[in-house]
Amino acid sequence: LLLKSVYQDLFLDCTRQSGETYGLEMKQCVPAYQVVFDDGDVIDLGFPANNDGKKKGSSDSSSRENQSRGKMNQWEENGAQKWDEYMRCTAAFLDCGLPNFIEERLDLVSFPAFVVEALRDGAKSWPLKPHSEVLDAVFTNDKMRALASFQDLYVG
């Protein structure tokens, strides 16, 4: 479930009570989803991170995540590292974009990370560029680009 806090806030705003009061129980799925390609290749994505940014989970989820990261590295040199950098960038854009541009609520704390990611490496991930150009600048492999474009669809 993405943006769990939005659902929690909805209940508080509308009823002044939590969703749990109405029996709503939200549990995180690990992994969050699985991608299956036309050629039968499969990869799991969406493993939770601790507050320090490091991944957490059971030994089974850690094993599955390691398998997924290995697959990314098979598809593209340093694929897992590029994925992490891309996800860091998109997280900064979401953290700034949601409050400031969607909710129209000024959140100055989120702007430094947004600006750093937008300008990193010659602004290769500039948020106003066509997304296909951003993906081409970040990834060389079609499957990695497909994963990243699916991530946007999933969030969008």
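Given the structure is predicted, the values throughout are model-derived calculations rather than measurements.
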Close side-chain approach of [X] to [Y], heavy-atom, < 4.5 Å:
X    : Y   : result
K143 : D39 : yes
M72  : L45 : yes
F11  : T21 : no

Do you know which two heavy atoms are closest between [X] and [Y], and how far apart they sit?
X    : Y    : answer
V138 : S125 : CG2-OG, 3.9 Å
A118 : P127 : CB-CD, 3.8 Å
G79  : M144 : O-CE, 3.3 Å
H131 : A148 : CE1-O, 4.2 Å
P48  : Q28  : CB-NE2, 3.4 Å

Does the side-chain contact (heavy atoms from CB on, under 4.5 Å) test come out yes or no for D84 and R69, once each step is laid out?
-> CA-CA 10 Å; D84 293 343; R69 295 178 67 75; 2.7 Å; yes
Output a table of donor-acceptor pairs, distance under 3.5 Å, between side-chain atoms of residues 99-109 and any protein atom two or more places apart or on a different chain; print 'none' if there are none.
from, atom 1, to, atom 2, distance (Å)
N100, OD1, D107, N, 2.7
N100, ND2, C96, O, 2.9
N100, ND2, D107, O, 3.3
N100, ND2, S110, OG, 3.2
E103, OE1, R105, NE, 3.4
E103, OE1, R105, NH2, 2.8
D107, OD2, S110, OG, 3.1

Between [atom1] on residue [X] and [atom2] on residue [Y], distance to nearest 0.5 Å:
X    : Y    : atom1 : atom2 : value
N141 : L135 : CG    : CG    : 12.0 Å
L119 : F114 : CG    : CZ    : 9.0 Å
I43  : Y33  : CD1   : OH    : 9.5 Å
W83  : E76  : CH2   : CD    : 11.5 Å
D44  : K71  : CG    : NZ    : 8.5 Å
L94  : M87  : CG    : CE    : 9.5 Å

Could you tell me whether a side-chain N or O of E65 sits under 3.5 Å from a main-chain N or O of F47, the two making a donor and an acceptor?
->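 No.
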K82 bridged to E85 by N-O distance under 4.0 Å =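 Salt bridge: no.
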Are L10 and Y22 co-members of a hydrophobic cluster defined by side-chain heavy atoms under 4.5 Å apart?
->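 No, Y22 and L10 fall in different hydrophobic clusters.
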V115-F93 co-clustered via ILVMFWY side chain contacts under 4.5 Å |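 Yes, V115 connects to F93 through the hydrophobic network.
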Listed by chain and number, what are the side-chain contact (heavy atoms from CB on, under 4.5 Å) partners of V36, not counting sequence neighbours?
->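 side-chain contact (heavy atoms from CB on, under 4.5 Å) list for V36, sorted by chain: Q34, V42.
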Results of ring pair (Phe, Tyr, Trp, His ring centres under 6.0 Å) for F37 - residues two or more places apart only |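 Ring pair (Phe, Tyr, Trp, His ring centres under 6.0 Å) check on F37 returns W75.
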